Amino acid sequence: MRPGMSSNVKKPAFKLNRLFVIIPAIGLGTKADADSDKQFIEVDGIPVIERTLNAFKEFETQLSKAGTTLRAVIVTDEAYVYKINGMCRYKKYEFIQNVVSGGATRMESVWKGIEALSDLPFPPTDEDIVLIHDGSRCLIDEDTLERCLESALTFEIVAASVPTNSVAKAAEPKVEAPASAPAPVEEEPKMSALGLDLSKFPSLAGRLGKTDVPPIARPGLSTQAPVEEPKPIFKPAPSPVTAAPEPKTVTSISSNREDIEVQSPQLFRYSKLLKSYVNGIKRNLDAADDISLAEALNFKVRFVDGSVSNIKVTTESDAEKAEKILKSQEAQQ
């Protein structure tokens, strides 16, 4: 039983066979003024990433009782892939299927996680649920996970959230596209300079509802017309003439976003997750979270009660705050 949880909480009867999870754990602790070992900031003696995985291990136990299997991938800095792999084996996190290196941004790293899921022996289908949770939110509780998953059985896109100061939220700058003629339709993305290959999903054109889209170009294949050099998906390609446009910042579209702070987990039906990311890649968007990409397509997002204790821990001061939260929860037992 996790601190702060009531033994009287009724476990929902989840009716799904499997749940897929992506855990972005990029740059944990890089904001701290210390050496690179702060990638594994400790909260009460336990590294952040380990606490996060412990929470999912407990959640897996509850899911297995309902006949649901959990399959997760971790996306981390290249330098820590081996270390986290070793930790997963030592701690027996058997639900972790793979640990892969990520990219320079959260969006790029989550895409790497989507690729890793597609490489599993039995990858997600369109209707499978994919849960994305920041590795830095190590105080995620089982109640929040259950509320989100229960909602995701009905709604296609779900995110945990807590109320926030609407005045402070409104003060944040919003980047809006200037009024102009509609942007021309871009070609289907080709292999990027970063190796982010959309061709890993063979039915991608069908998922996007474009049955007339030709197959994705691959190096070495002949074409009827000259093919331009592959363009990077997440980073503008350098040009000797003019600089490439900066990525467009995705801001809130839903009006009720003004009064909440969006957390993770964020859950998607796999088909919606793919469409959201492919659209973001094609439009060169730079999103701070996953549901922003869904909102950019006007997909409906269901916000679920999160937890005020579900904070990000990326600095020593964050770790101190997390320890106070743990002590407060223990005192309430």
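We're numbering straight along the sequence, starting at 1. Note that this is a predicted model, so its numbers are computed, not measured.
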Check: Phe56 ring centroid to Tyr93 ring centroid under 6.0 Å:
no
Please determine if Lys327 and Asp44 form a salt bridge, counting it only when a charged side-chain N lies under 4.0 Å from a carboxylate O.
no
Nearest atoms (heavy-atom pairs only) where Pro24 meets Val110
CG-CG2, 3.9 Å
Honestly curious: do Leu63 and Leu153 fall in one hydrophobic cluster under the side-chain, below-4.5 Å linking rule?
yes
Is there a side-chain contact between Leu131 and Cys148 in this structure, where contact means two heavy atoms from C-beta onward sitting under 4.5 Å apart?
no
Distance-minimising heavy-atom pair for Tyr270 and Ser118
OH-CB, 4.1 Å
Heavy atoms of Thr68 and Leu19 approach each other most closely as CG2-N, 4.0 Å
OG (Ser101) and CD1 (Ile26) are apart, to the nearest 0.5 Å, by 8.0 Å
Can you measure from CD1 (Ile157) to OG (Ser151) and round to the nearest 0.5 angstrom?
11.5 Å
Side chain to side chain contact (heavy atoms under 4.5 Å, CB included) evaluation trace for Ile96 with Met87
CA-CA 11 Å; Ile96 299 297; Met87 181 186 70; over 6 Å; no
For a 4.5 angstrom cut-off between non-hydrogen side-chain atoms, does Met107 reach Leu293?
yes
For residues Ala319 and Ile41, report the shortest heavy-atom separation together with the two atoms involved.
CB-CG2, 3.7 Å
What is the distance from atom NZ of Lys275 to atom CG of Asn279, rounded to the nearest 0.5 Å?
11.0 Å
Note, Ile114 side chain near Ile22 side chain (heavy atom, < 4.5 Å)
yes
Roughly how far apart are Lys83 NZ and Asp77 CG, rounded to 0.5 Å?
11.5 Å
Side chains of Phe155 and Leu267, heavy atoms from C-beta outward: is any pair under 4.5 Å?
no
For residues Gly306 and Gln263, report the shortest heavy-atom separation together with the two atoms involved.
CA-OE1, 3.7 Å
Under 4.5 Å between any side-chain heavy atoms of Glu156 and Phe299, yes or no?
no
Leu139-Val162 co-clustered via ILVMFWY side chain contacts under 4.5 Å:
no
When you group the ILVMFWY residues by side-chain heavy-atom contacts below 4.5 Å and let the links chain together, are Ile46 and Val313 in the same group?
no
Quick one, Arg302 with Thr154, criterion side chain to side chain contact (heavy atoms under 4.5 Å, CB included). Give me CA distance, side-chain angles, the key distance, then yes/no.
CA-CA 10 Å; Arg302 176 78 171 189; Thr154 303; over 6 Å; no
Can you find a side-chain donor-acceptor pair between Thr144 and Arg147 that sits under 3.5 Å?
yes
Report the C-alpha distance between Asp318 and Val48 in whole Å, list the side-chain angles of each, state the deciding distance to 0.1 Å, and finish with yes or no for side chain to side chain contact (heavy atoms under 4.5 Å, CB included).
CA-CA 11 Å; Asp318 293 336; Val48 167; over 6 Å; no
Ile23 and side-chain contact (heavy atoms from CB on, under 4.5 Å): which partner among Val75, Asp134, Val73, Leu53?
Leu53
Nearest heavy-atom pair of Thr76 and Ala25: which atoms, and what distance?
OG1-O, 3.0 Å
4.5 Å side-chain heavy-atom contact, Phe59 and Ile140
no
Taking atom CH2 of Trp111 and atom CG of Leu273, what is their separation to the nearest 0.5 Å?
8.5 Å
State, with a plain yes or no, whether a side-chain heavy atom of Leu117 is found less than 4.5 Å away from one of Pro123.
no
Sidechain-backbone polar pair: Asn85 side chain, Tyr82 backbone, donor-acceptor under 3.5 Å
no
Evaluation steps, side chain to side chain contact (heavy atoms under 4.5 Å, CB included), between Phe95 and Val21:
CA-CA 9 Å; Phe95 59 93; Val21 177; over 6 Å; no
With a 4.5 Å heavy-atom cut-off, do Leu274 and Phe268 have their side chains touching?
no
Using the side chain to side chain donor-acceptor pair (under 3.5 Å) definition, which of the options Arg71, Arg269, Arg18 pairs with Asp128?
Arg18
May I ask you to decide whether Arg106 forms a salt bridge with Asp290, counting only side-chain N to carboxylate O separations under 4.0 Å?
yes
Rounded to the nearest 0.5 Å, how far apart are CG of Asp119 and CD of Gln97?
12.5 Å
Other residues, nucleotides, ligands: >12 heavy atoms within 6.0 Å of Lys57 NZ
yes
